[in-house]
Amino acid sequence: MGSQKIQYKKLNIEKLIELAQQDDLKALEELIKIEQKNVFATFAYLSNKKEDVSDLTQEALLRIAKNIKTLKNPKNFKSWANQIVTHLYYDELRKNLRKPNTISIDSETEENGDLMLKNLLQDKKCKPNEKCLALEIEEIIRAGINSLPEPFKIVIVLRELQGLSYEEIANTTKSSLGTVKSRIARARTKLQQSLKNYI
Amino acid sequence: MKDPNCEQVETLLQFYIEGSLSKQLSNAIEFHLNICSECRNKYRQMALANNVNKSDIKQYEAENGELKNSELDHFTKNLSAYIDNELGDNDNFRIRKIAIINQEARKELQDILAFRQILQDSFNKTKSKLKKDYSEDTINNLAFEGKRQYSSKIYYLFLSALSITTVIIITLIFGIN
Ligand SMILES: [Zn+2]
């Protein structure tokens with residue numbers, strides 16, 4: 001029994017997927033164990049509310065587990081899993097849009113995002129041109145990414161955190177290669193500008 | 001040589017790019033780069049920065065061409081795709097050229113690479129901070145949903161059996177009449 005457990009840990013991701021698709025729950029569990037860090041980090045940077053991150057992570061992982069048989073080529077796992085994550089994120093945006101008393105994406109303009117970032121930095125008494133010691137670098141980056149308008153946020157996370165190619169991002173976000181290219185460029189410039197004085 | 005680990009590969013990357021390693025060592029690194037995406041990313045970034053500073057500098061100096069605004073425009077528009085390795089050979093060439101002859105452009109390139117490093121460090125840190133293990137819950141939830149689907153299947157099977165029986169009984173009754 002013990003030796004079997006170790007064997008699963010030794011398998012590469014493609015082999016795990018193959019087994020999981022043949023109803024091997026141990027392999028599926030191991031696959032989730034590997035993928036959960038990615039999914040968690042993605043939502044940690046995408047989600048406007050920190051308290052939603054855990055639920056979103058669990059739901060995305062469940063969707064991945066449930067649909068693993070629909071993945072045709074195990075080599076495409078990364079891009080396939082990110083499609084699930086992105087769809088869930090879009091679902092969530094739509095849900096929040098319908099809820100009253102929450103800020104809609106439409107009103108979340110660039111200035112609004114910038115203001116949120118400035119408030120956070122001010123709250124922690126961070127001064128420009130000084131390293132902000134009260135905040136961890138991750139929190140600053142997170143606030144910076146959060147301050148980006150929606151379409152820019154998702155592309156920078158898919159590119160830098162998940163390492164997807166432009167083509168994969170275009171498929172995932174249902175946009176053209178040219179759009180992806182210019183959005184990533186703009187997201188980088190904007191982030192660099194808004195954070196350069198603090199990191 | 002034993003297969004080098006990531007740390008060893010990282011310290012040797014610069015020499016690997018310069019081509020100053022023994023054939024054996026350089027083969028070992030090449031092998032590692034083929035199997036390790038993390039080191040491969042580091043290698044790509046380093047290779048990009050190196051290309052800019054070294055390759056073909058003499059040729060450009062010989063050309064000594066004046067910088068056209070359109071070339072600077074092209075640089076600004078494509079720099080981001082350049083560091084993502086998403087440009088064709090011709091565009092790559094144009095970007096490198098500007099970065100070599102224009103100091104500001106070179107600084108822009110270094111800044112964007114440094115910024116990417118900060119982002120990736122931050123992402124990696126977040127990943128490593130995950131304490132909760134979702135895998136067991138996921139499998140349990142999956143089994144639960146499976147059971148629910150299974151029992152609802154049985155329920156529908158029962159309902160359809162019931163209705164078929166009703167139809168048969170009714171036809172029998174009216175059939176006799
Ligand atoms: Zn490595």
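Residue numbers begin at 1 in each chain, while the letters A, B, ... track the order of the sequences. Keep in mind that this is a model prediction, so the values were computed, not measured.
Contact of B/Asp111 with chain A is made through backbone and side chain together, with heavy-atom distances under 4.5 Å. A/Thr42 does not touch chain B: none of its heavy atoms, backbone or side chain, sits under 4.5 Å away. Heavy atoms of B/Phe115 lying under 4.5 Å from chain A belong exclusively to its side chain. In this structure, the portion of A/Phe40 lying under 4.5 Å from any heavy atom of chain B is its side chain and not its backbone. Both the backbone and the side chain of A/Leu61 come within less than 4.5 Å of a heavy atom of chain B. Of the two parts of A/Ala185, the backbone and the side chain both hold a non-hydrogen atom closer than 4.5 Å to a non-hydrogen atom of chain B. Only the side chain of B/Ile83 comes within contact range of chain A, with heavy atoms under 4.5 Å apart. Using a 4.5 Å cut-off between heavy atoms, A/Ser165 touches chain B through backbone and side chain atoms alike. Contacts between A/Arg159 and chain B at a heavy-atom distance below 4.5 Å involve the side chain alone, from C-beta outward.
A/Lys33 places no side-chain N or O within donor-acceptor distance of the main-chain N or O of B/Asp133, the cut-off being under 3.5 Å. Between the side chain of A/Gln36 and the backbone N or O of B/Tyr134 there is at least one donor-acceptor pair closer than 3.5 Å. With hydrogens and angles ignored, the 3.5 Å screen pairs no side-chain donor or acceptor of A/Asn67 with any backbone N or O of A/Thr70. Listed for the A/Gln21 side chain is a donor-acceptor partner under 3.5 Å among the backbone atoms of A/Leu71.
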Kindly determine whether B/Gln45 and B/Asn41 satisfy side-chain hydrogen bond (donor to acceptor under 3.5 Å, both in side chains), including the steps that lead there. CA-CA 6 Å; B/Gln45 282 188 19; B/Asn41 280 338; over 6 Å; no
Quick one, A/Glu92 with A/Lys95, criterion salt bridge (charged side-chain N to carboxylate O under 4.0 Å, His left out). Give me CA distance, side-chain angles, the key distance, then yes/no. CA-CA 5 Å; A/Glu92 204 56 24; A/Lys95 228 195 277 171; 3.4 Å; yes
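A salt bridge does not link A/Lys78 to A/Glu168: none of the charged side-chain nitrogens sits closer than 4.0 Å to a carboxylate oxygen. Using a cut-off of 4.0 Å between Lys/Arg side-chain N and Asp/Glu carboxylate O, A/Lys49 and A/Asp55 are scored as not salt-bridged.
Ranking A/Leu191, A/Ile184, A/Asn38, A/Leu28 against chain B, the residue ahead of the rest is A/Leu191, based on heavy-atom pairs under 4.5 Å. Chosen from B/Ser37, B/Ser122, B/Ser128, the residue pairing most often with chain A at heavy-atom distances under 4.5 Å is B/Ser122. Most heavy-atom pairs under 4.5 Å with chain A: of the set B/Asp137, B/Ile118, B/Asp84, this distinction falls to B/Asp84.
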